[in-house]
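Encoded as structure tokens, the structure appears first; notes follow it.
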Amino acid sequence: MDLSALAGGGRIQVADRLVLGSVHAQPRAVALSGAHAVFACARLDVLPVVDLACGRMEEGVRLPAVGTAPAGIAVTGEGGYALVTLERAGALAVVDLLEWTVTRMVPLGASPRGITIDPADATVYCALAGQRSLAVVHLDGVDLSNTDGTPQFEEIPVGAGPSSVALVRLEDSLPAR
């Protein structure tokens, strides 16, 4: 989508279209990493990687199992890794964005979907729809390039079927009412 017209009050236009695999790939999330966009598509067993400069699919990161249903994706603060929720596997796949490979799997719980990373301390927040909770995964001190170390994990009950999560930091106090 070409959003540049919004600055002048114009209309949004489709700049180009791109097929990310089969017609029914079901793209569910996208994350930007440098000059690339990485997609989580529920019906694909690879993560399509698109070169933003030319608009073509360049790579495909093969997932470690078939039918895992990628649902959410976020890029770490330093941009070296993408964290991808695998809804049917109940896990988080860690993708090395230089090598385009999965380096490790982190078990999360039933039906992980939306994900975000706090850039201040590398804490990962993930909606667990099947457990009616929010997974909080602490990655500080964990080497994502291999399977050494175990991330600290906790769960916060949140109610019926959460599917997305967002992080908002309020650095200053809220104004008085």
Expected list for residues 91-99: side-chain donor-acceptor pairs under 3.5 angstrom, two or more places apart:
| from | atom 1 | to | atom 2 | distance (Å) |
| --- | --- | --- | --- | --- |
| Asp96 | OD1 | Leu98 | N | 2.7 |
| Asp96 | OD1 | Glu99 | N | 3.0 |

Listing, residues 155-166 side-chain donor-acceptor contacts under 3.5 Å, not counting sequence neighbours, or none:
| from | atom 1 | to | atom 2 | distance (Å) |
| --- | --- | --- | --- | --- |
| Glu155 | OE1 | Gln131 | NE2 | 3.1 |
| Glu155 | OE2 | Gln131 | NE2 | 2.8 |
| Glu155 | OE2 | Ser133 | OG | 2.7 |

- Query: Which pairs with one or both residues in residues 102-124 pass salt bridge (Lys or Arg N to Asp or Glu O under 4.0 Å), sequence neighbours excluded?
  - Reply: Glu87-Arg113, Asp118-Arg169
- Output the rest of the hydrophobic cluster of Val66: all Ile, Leu, Val, Met, Phe, Trp and Tyr residues reachable through side-chain heavy-atom contacts under 4.5 Å, sorted by chain and number.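 Other cluster members: none.
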Are [Y] and [X] connected in a single hydrophobic cluster, I mean Ile/Leu/Val/Met/Phe/Trp/Tyr linked by side-chain heavy atoms less than 4.5 Å apart?
X: Val75; Y: Tyr125; value: no
X: Leu108; Y: Val142; value: yes
X: Phe153; Y: Leu134; value: no

Which residues pass the side-chain contact (heavy atoms from CB on, under 4.5 Å) test with [X], sequence neighbours left out?
X: Ser145; answer: Tyr81, Asp143
X: Asp140; answer: His138
X: Pro119; answer: Leu167

Looking only at heavy atoms, which two atoms of [X] and [Y] are closest? And how far apart?
X: Ala69; Y: Arg88; result: CB-CG, 3.9 Å
X: Asp45; Y: Ala65; result: OD1-O, 4.2 Å
X: Val84; Y: Pro70; result: CG1-CB, 4.0 Å

- Message: Show, in sequence, the C-alpha distance, side-chain angles and deciding distance for Val30 and Val38, and conclude whether the side chain to side chain contact (heavy atoms under 4.5 Å, CB included) test is met.
- Response: CA-CA 6 Å; Val30 62; Val38 184; over 6 Å; no
- Message: Listing request: all ring pair (Phe, Tyr, Trp, His ring centres under 6.0 Å) pairs with a residue in residues 32-51, at least two apart in sequence or in separate chains.
- Response: His36-Trp100
- Item | Spacing of CG belonging to Leu63 relative to CG belonging to Leu86, to within rounding of 0.5 Å |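 The CG atom of Leu86 is 6.0 Å from CG of Leu63, to the nearest 0.5 Å.
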- Message: Nearest 0.5 Å, please: how far is CG in Leu144 from CG in Leu83?
- Response: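 Those atoms lie 6.5 Å apart.
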